[in-house]
Every structure is written in structure tokens, then in C-alpha cells.
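What follows is a short report on a single structure.
By convention in this document, chain letters (A, B, ...) are assigned in the order of the sequence lines, proteins followed by strands, and residues within each chain are numbered from 1. All of these numbers come straight from a predicted model, not from anything done at the bench.
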Amino acid sequence: MNVYEHVGDMIHGALKVLQQEQKLAADIELPKVETEAPRDPAHGDMASNIAMVLAKRAGQKPRDLAQLVAEKLTVNDDIQTVDIAGPGFLNIKMSNSIWERVTAAILNQGPQFGRAQLGEGAKVNLEYVSANPTGPMHVGHCRGAVFGDALANLLEFSGHDVAREYYVNDAGGQIDVLAKSAYLRYREALGEDIGSMPEGLYPGDYLKPVGQILADSHGKSLKEMDEDQWLPIVREIASNAMMDLIREDLAALNIHHDVFFSESSMTQNGHDQIKDAIEALRKKGLIYEGQLPKPKGHEDEEWEEREQTLFRSTDFGDDVDRALMKSDGTYTYFAGDIAYHYNKIKRGYTHLINVFGADHIGYLPRMTAAVKALSDGNIDFDIKVCQLVKLYRDGEPVRMSKRAGNFVTLRELVEEVGVDPVRFMMLYRKNDAPLDFDFSKVTEQSKDNPVFYVQYAHARAASVLRNAKEAFPDMDISPSALAKADLTQLSDQGELALIKLLSGFPNLVLGAARAHEPHRLAFYLYEVASTLHKQWGRGNDSPHLRFIHTDSQGVTASRLALVAATQQVISSGLGILGVQAPESMR
RNA sequence: GGUCCCGUAGCUCAGCUGGAUAGAGCAGCGGACUUCUAAUCCGCAGGUCGCAGGUUCGAAUCCUGCCGGGAUCGCCA
């Protein structure tokens with residue numbers, strides 16, 4: 001149950017009654033009523049600005065309208081009082097019975113509490129990571145990976161049918177570079193002294209095993225071939241090996257994609273899907289041969305005027321039209337990506353979401369244009385941009401250079417820091433804000449670390465339930481039993497504050513899912529943890545407020561219901577973020 | 001030069017798509033451990049929401065223009 005929607009429905013009902021009674025103009029359209037928890041608890045449990053929103057349309061003064069709505073609302077049992085404040089706010093105090101019902105609902109619904117039907121089963125394709133298969137993943141990939149994965153969980157939790165997809169860029173020039181690098185490692189594996197890696201090739205040790213595989217499977221036969229003969233063979237083997245590596249890296253972060261879509265597959269088996277996609281656009285009159293203006297502001301010696309095949313992306317808000325064919329006659333990366341998205345659309349997805357790194361931000365308008373053009377605007381398309389992660393150690397920036405091969409790999413990060421802190425910290429920031437990630441701070445299992453703070457709240461709740469079993473061996477502390485406890489005993493202000501916060505979980509999930517912003521969950525969980533810890537602290541100062549009240553099994557049962565409900569919400573929330581919820585942290 | 005993102009407490013950041021007196025953590029100062037696990041809690045202090053206009057009952061939030069920081073700018077991917 002979602003208290004916010006519940007109150008919104010009641011207000012909506014009140015407005016309709018007012019229209020029937022002709023106290024409110026019947027011909028005005030009623031907007032969706034938004035309710036919110038006021039910042040100041042003195043303003044009640046729920047607040048609505050509906051009177052101010054409608055005042056102009058209704059031709060009435062906000063406070064007069066608010067008064068009419070308030071009268072209709074108070075007949076409802078779940079509403080205790082309605083005050084009118086300021087310019088026309090409805091400040092609503094809920095009956096305690098509703099908080100008792102929410103607590104019971106959390107316990108009875110368990111992991112289902114907060115699930116929503118927002119998506120109504122809509123087919124969502126969520127593409128994330130899509131790192132080039134040219135080496136192991138480094139920390140730069142990490143944020144988008146975690147973000148995409150958590151967003152996928154969040155969308156599933158809110159009723160979407162989500163496919164987690166990885167676009168494998170196994171067709172471009174970088175795969176040739178990979179293959180040439182692997183070929184050198186192959187010769188090395190055969191005993192040849194290759195010296196140091198030539199400039200422009202990948203120097204990392206991770207290609208040595210690939211060289212060995214090539215030596216084992218092909219012996220010396222590759223050495224006797226010309227480059228155009230061995231290149232396709234080595235490309236295939238090397239890129240497959242790199243994808244195996246990447247899959248292991250992702251698994252270390254508990255990330256598992258449903259689909260790995262190969263770029264090169266689109267032009268294989270005598271069927272050129274890229275050509276098909278371009279033809280589809282051509283039929284819409286969006287393809288032409290022309291010249292692009294030279295970009296201003298930076299000198300480019302290599303620039304030459306050239307007629308080329310262009311996509312009219314400016315029709316859809318892009319700055320310039322975009323090239324589809326390179327000067328060597330092959331497709332541009334963009335052409336392939338158009339075809340890939342055309343493919344997604346043809347597979348029946350109605351919602352496409354891409355997670356980009358900040359370095360691809362300039363790619364956003366043309367991709368948006370392409371999807372609009374291909375779908376005639378019928379696809380819900382969103383690109384989430386993850387800003388860069390800056391690594392620090394003891395406050396000092398960690399310098400990385402891919403060319404020198406000294407970049408920090410994702411695996412090293414996970415092994416040093418642990419999955420949970422990595423995942424949580426990557427989400428403990430808005431995706432489009434830059435993120436500073438300090439090894440030493442995140443490794444430190446201290447108060448400075450929000451992950452442990454939240455996890456500790458969960459462990460603490462679990463601990464209370466264990467201890468209760470010792471204090472009252474006969475008590476049934478299963479969620480279903482606790483849901484039946486006399487919850488009217490929950491009357492302390494701290495207890496009520498906690499319940500009210502927990503009751504906001506379903507609404508928070510809705511908002512985060514709509515906005516595609518999983519970080520909201522991380523901040524919410526921090527707040528839930530804080531509120532639980534705070535109530536614990538009150539028990540330290542005032543023993544009669546402790547969760548386990550040895551003098552009264554009844555009071556204890558009601559408080560355990562609250563503790564168990566808190567544990568459940570934290571567990572569900574952390575589950576969406578892909579972070580463990582430990583029973584104990586001793 | 002074009003486009004996009006960011007600018008909120010000393011530092012790191014939230015701010016629920018326009019609401020009421022702008023919040024949290026860290027750092028600083030002062031308190032609470034024979035504990036329902038102190039990985040915690042309580043208190044104090046800290047602000048021209050980059051600047052200037054505009055939109056309206058109401059702006060950190062939306063629009064415009066500046067200032068500062070970052071990303072990116074045919075044929076790489």
C-alpha cells in the first residue's frame with residue numbers, strides 16, 4: 001500500500017464530490033493529485049498543494065477551495081485532521097490506524113512490499129557497460145556497470161520486463177589492433193623475442209594467455225600466413241577471450257547480462273542489417289549525399305572536403321547531420337549503432353535505455369535522433385550519462401594511463417574494496433555528477449562509510465530479533481505473527497517517525513523508477529538506517545524505549561514488528577542496489 | 001567557437017521534476033560505552049543555493065544572459 005497515492009485518491013475523490021455538488025466548476029479537468037511529506041513535521045503527515053494548483057482554473061481563492069476540500073476529507077477514517085496553512089496548503093494529519101496497517105502490510109507482504117505495476121509489464125531494453133572487448137574492465141567502466149544493473153533491478157521491481165543487454169563492439173579497427181597485439185603475444189609464446197610492444201598496440205600482460213591459446217591451437221601455422229589470412233582468425237579468438245575476461249569482471253560485481261549483442265553479427269551470413277537500417281531511413285527521406293562543414297574552433301590538419309552519405313539528424317534536433325560511411329567505404333560506428341537500435345525496436349521493446357559514460361555525451365543527440373527517426377517517435381528512449389570517476393588514495397589522485405598499461409582494473413578495485421562498498425558508493429551519487437572515489441576511505445570500515453552504516457542497521461535489527469528470542473523464548477517472531485501484534489502500542493514519536501518513513505518506500509520506488517535514478521534509493525536507505533539508529537540511541541538514554549521491553553511481551557512484540565519491518569525495507573532496498581544485507585556484522 | 005553536464009555549509013554531496021524556516025555526512029568543539037553489537041547516539045557552530053534579470057501566489061528547482069569548472073566536437077569506438 002502506498003500512503004501517498006491513497007491520500008491523493010482521497011483528495012481526488014473529494015474534488016469530484018465538490019464538482020457534483022457544484023461547489024467546484026464541473027468543466028475543469030482534475031490534475032493528478034500530488035501529495036508529499038512536509039519537511040516540518042508540525043505541518044502534519046501529508047501535505048497537498050492542490051488548492052493552489054486549481055485556484056486559477058476554478059476561479060476561487062486557494063484558501064476557500066482548500067476549506068471545501070478539507071471538509072470533504074475529514075469524513076474519511078484514515079484522516080484525523082486537516083489544517084489549512086499559508087497560501088492554501090492542506091496539511092493532513094493521518095489517523096494512527098493507517099500507520100499500524102502499513103507496518104502490518106510490510107510484514108505480510110515481505111519482499112513484495114513496495115513492488116509496483118508502474119511499467120505494466122512494458123518491455124524495456126537496458127543497454128549498459130558495452131565496453132570494447134580489447135582488455136579487462138577498468139574502474140572507468142565500473143560506475144556505468146553498477147548504475148545500469150541497479151536501474152535494471154529497480155525497473156523490474158516496479159513492474160517492467162527488463163532485458164539487460166551488452167553491445168559488443170567487435171567490428172571496428174580497435175579489434176584489429178587487439179588481434180595484432182595478440183599475434184605478437186602468439187609469436188612470443190612460440191619462443192620469439194618480441195621486445196617491447198610497438199606504439200599503438202595494447203601492451204598489457206592480459207594478452208599473453210591469448211598468445212598461448214593461439215600457440216596451443218594453431219601451432220606454427222599462423223606464422224606462415226599473410227596478415228589478411230591470420231587476422232580474421234586471431235580477431236575472433238582474441239575478442240572472444242576478452243569477452244570471457246569481461247564477463248568474469250562483471251561477475252565479480254554480481255552483474256549478469258541477458259544478451260550479448262555482437263556488432264559484427266549484423267553484417268554476417270550474407271545479411272547486412274546495417275544496410276537495411278540505412279535503407280529504412282532512406283525511405284523516410286532522411287539519407288542524402290553531401291558535405292559537412294568543417295568544425296570550428298580547432299585546427300584539423302587532416303580535414304578534407306568530401307562528399308559522403310549522411311543521416312539528416314538535424315531534423316530531430318542534432319547540430320549537424322552525421323556521416324554513415326567512412327572514406328574507406330566501410331560503415332561508421334554510428335551506422336552500426338543505428339542498425340543495432342533498429343534491431344532492438346524490431347525485437348519488440350517499447351522502452352530503450354542506454355547508459356553512457358561522460359566521454360560519449362556528444363553522441364547523445366544523434367542517437368536520440370536516430371531512434372526517433374527509426375520509430376517515428378513511438379519509442380520511449382532515454383540515455384543516462386554517468387560522469388567520470390576520479391580515483392584517490394589517501395587524498396592523492398591516482399594517475400592512470402591506458403597506454404602505459406598502469407590503469408586500475410575493475411578486478412583490483414573489487415578485490416581491494418569489496419563488492420558491497422563499490423556498488424553502494426557508485427550509487428551514492430547522482431549519475432550525472434562527478435564522483436570522487438577514495439580507496440582508503442571506502443576500504444576503511446568506519447563511520448565515514450555509508451555502506452556499513454546502512455548494513456549495520458540491518459544487522460542491528462536482526463540482532464534485536466535474535467535477542468528477543470532469548471528474552472521471550474515462547475514468542476513467535478515470524479513476520480506474519482508480528483504483524484498481528486497490538487501495534488497501537490507504537491506511540492513514541494521516534495517509532496512513529498520510523499513507520500512514516502518506511503511507509504514512503506513504495507512512493508520512493510515509483511519516483512526513482514520514473515526518473516531512472518537509483519541513487520535516490522541509496523539516500524533513502526541511509527535515512528532509514530539513521531532513523532533506526534536514532535531510535536536505538538533513544539533506548540540507550542531511556543531504557544523504557546528499548547525495543548526489547550523485558551517487562552512486557554506485548555510492547556516488545558509491537559516494537560519487534562517495527563524492527564522487522566525496518567529490516568525488510570532495508571533488505572528490499574539493498575537488494576535493488578545489489579548490496580548484501582548481512583544478519584550480523586560482528 | 002558549437003553542444004551537453006556541473007556550480008548549494010570549510011570539504012564531499014542530497015534536495016522527492018515549482019512549495020512553507022534550504023538538509024545530511026565529514027572536518028571542528030562539547031557530551032553518552034558494566035550496551036537490546038558505540039561500525040551507534042545527543043548537543044553546538046557553520047549559507048548572498050556562482051552572478052544578474054524574467055516567468056507567478058511562491059524559484060536552489062523552470063526561461064534568458066553572463067562568470068567559473070568538466071566532457072565532447074567529420075572518417076576513433
Please state whether the phosphate of [N], meaning OP1 or OP2, lies under 4.0 angstrom from any side-chain nitrogen or oxygen of [X].
{"X": "A/Lys294", "N": "B/G2", "value": "no"}
{"X": "A/Asn540", "N": "B/U40", "value": "no"}
{"X": "A/Tyr453", "N": "B/C41", "value": "yes"}
{"X": "A/Ser463", "N": "B/U37", "value": "yes"}
{"X": "A/Arg39", "N": "B/A20", "value": "yes"}
{"X": "A/Lys61", "N": "B/C57", "value": "no"}
{"X": "A/His141", "N": "B/A77", "value": "no"}
{"X": "A/Lys56", "N": "B/C57", "value": "yes"}

Legend entry - Toward the 5' end of RNA chain B, by each residue's nearest nucleotide, A/Gly537 or A/Thr332: A/Gly537
Legend entry - Toward the 5' end of RNA chain B, by each residue's nearest nucleotide, A/Asn467 or A/Met585: A/Asn467
Legend entry - Whether over 12 other heavy atoms sit under 6.0 Å from A/Lys275 NZ: no
Inset, instruction - Inspect the surroundings of CD in A/Gln291 and state if more than 12 heavy atoms from other residues, nucleotides or ligands are less than 6.0 Å away. - result: yes
Counting side-chain heavy atoms from C-beta on, which of [options] comes nearest to [X]?
{"X": "A/Ala358", "options": "B/A71, B/G74, B/C76", "answer": "B/A71"}
{"X": "A/Phe89", "options": "B/C4, B/A24, B/A20", "answer": "B/A20"}
{"X": "A/Gln174", "options": "B/A20, B/A77, B/U40", "answer": "B/A77"}
{"X": "A/Pro87", "options": "B/G19, B/A20, B/U12", "answer": "B/G19"}
{"X": "A/Trp536", "options": "B/U37, B/A14, B/A71", "answer": "B/U37"}
{"X": "A/Arg466", "options": "B/U37, B/A71, B/A77", "answer": "B/U37"}
{"X": "A/Asp436", "options": "B/C13, B/U3, B/G74", "answer": "B/C13"}
{"X": "A/Ala433", "options": "B/C41, B/U3, B/A14", "answer": "B/A14"}
{"X": "A/Asp359", "options": "B/U37, B/U72, B/A24", "answer": "B/U72"}
{"X": "A/Gln387", "options": "B/A14, B/C5, B/C75", "answer": "B/C5"}

Legend entry - Side chains of A/Gln273 and A/Asn343, donor plus acceptor under 3.5 Å: yes
Assess whether a salt bridge exists between [X] and [Y], defined as any Lys/Arg side-chain N lying under 4.0 Å from an Asp/Glu carboxylate O.
{"X": "A/Glu495", "Y": "A/Arg559", "value": "yes"}
{"X": "A/Asp318", "Y": "A/Arg322", "value": "yes"}
{"X": "A/Glu165", "Y": "A/Lys344", "value": "no"}

So what does [X] hit on the nucleic acid, given a heavy-atom distance under 4.0 Å: a base, only sugar-phosphate, or nothing?
{"X": "A/Pro434", "answer": "sugar-phosphate"}
{"X": "A/Gly86", "answer": "nothing"}
{"X": "A/Arg429", "answer": "sugar-phosphate"}
{"X": "A/His533", "answer": "sugar-phosphate"}
{"X": "A/Thr330", "answer": "nothing"}
{"X": "A/Gly173", "answer": "sugar-phosphate"}
{"X": "A/Tyr363", "answer": "base"}
{"X": "A/Ala457", "answer": "nothing"}
{"X": "A/Asn91", "answer": "base"}
{"X": "A/Ala468", "answer": "nothing"}
{"X": "A/Ala459", "answer": "base"}
{"X": "A/Leu292", "answer": "sugar-phosphate"}

Legend entry - Passing candidate, side-chain hydrogen bond (donor to acceptor under 3.5 Å, both in side chains) with A/Asp170, options A/Ser239, A/Ser262, A/Ser265: A/Ser262
Rounding to an integer number of angstrom, what distance separates [N] and [M] when you compare their [atom1] atoms?
{"N": "B/A60", "M": "B/G15", "atom1": "C1'", "result": "8 Å"}
{"N": "B/G70", "M": "B/C62", "atom1": "P", "result": "23 Å"}
{"N": "B/C13", "M": "B/G7", "atom1": "P", "result": "10 Å"}
{"N": "B/U55", "M": "B/G65", "atom1": "C1'", "result": "15 Å"}
{"N": "B/U12", "M": "B/C75", "atom1": "P", "result": "35 Å"}
{"N": "B/C6", "M": "B/U61", "atom1": "C1'", "result": "15 Å"}
{"N": "B/A27", "M": "B/U37", "atom1": "C1'", "result": "27 Å"}
{"N": "B/G23", "M": "B/A9", "atom1": "C1'", "result": "10 Å"}

Tell me which nucleotide, if any, is Watson-Crick or G-U wobble paired with [N] when both distances must be under 3.5 Å.
{"N": "B/G7", "value": "B/C67"}
{"N": "B/U72", "value": "B/G2"}
{"N": "B/A22", "value": "none"}
{"N": "B/C29", "value": "B/G43"}

Does the [N] base have a donor-acceptor partner in the side chain of [X] within less than 3.5 Å?
{"X": "A/Asp541", "N": "B/A32", "value": "no"}
{"X": "A/Asn49", "N": "B/G19", "value": "yes"}
{"X": "A/His360", "N": "B/A77", "value": "yes"}

Legend entry - Aromatic ring of A/Phe523 stacked on base six-ring of B/A14, 5.5 Å, 30°: no
Legend entry - Conformer about C1'-N of B/U17 - syn within 90° of 0, anti elsewhere: syn
Inset, instruction - I would like to know whether A/Ile383 and A/Phe381 meet side-chain contact (heavy atoms from CB on, under 4.5 Å); could you show each step before the answer? - result: CA-CA 7 Å; A/Ile383 298 179; A/Phe381 184 52; 3.6 Å; yes
Inset, instruction - Answer yes or no for A/Arg393 and A/Phe439: cation-pi contact, defined as NZ/CZ to six-membered ring centre under 6.0 Å and angle to ring axis within 45°. - result: yes
Legend entry - Length of the line joining A/Phe547:CZ and B/U37:C1', which is rounded to integer Å: 13 Å
Legend entry - Distance, rounded to the nearest Å, where A/Leu435 contributes CG and B/C6 contributes P: 15 Å
Legend entry - Sole residue of A/Phe260, A/Phe261, A/Tyr340, A/Tyr128 in ring-ring contact (aromatic ring centres under 6.0 Å, His included) with A/Tyr166: A/Phe260
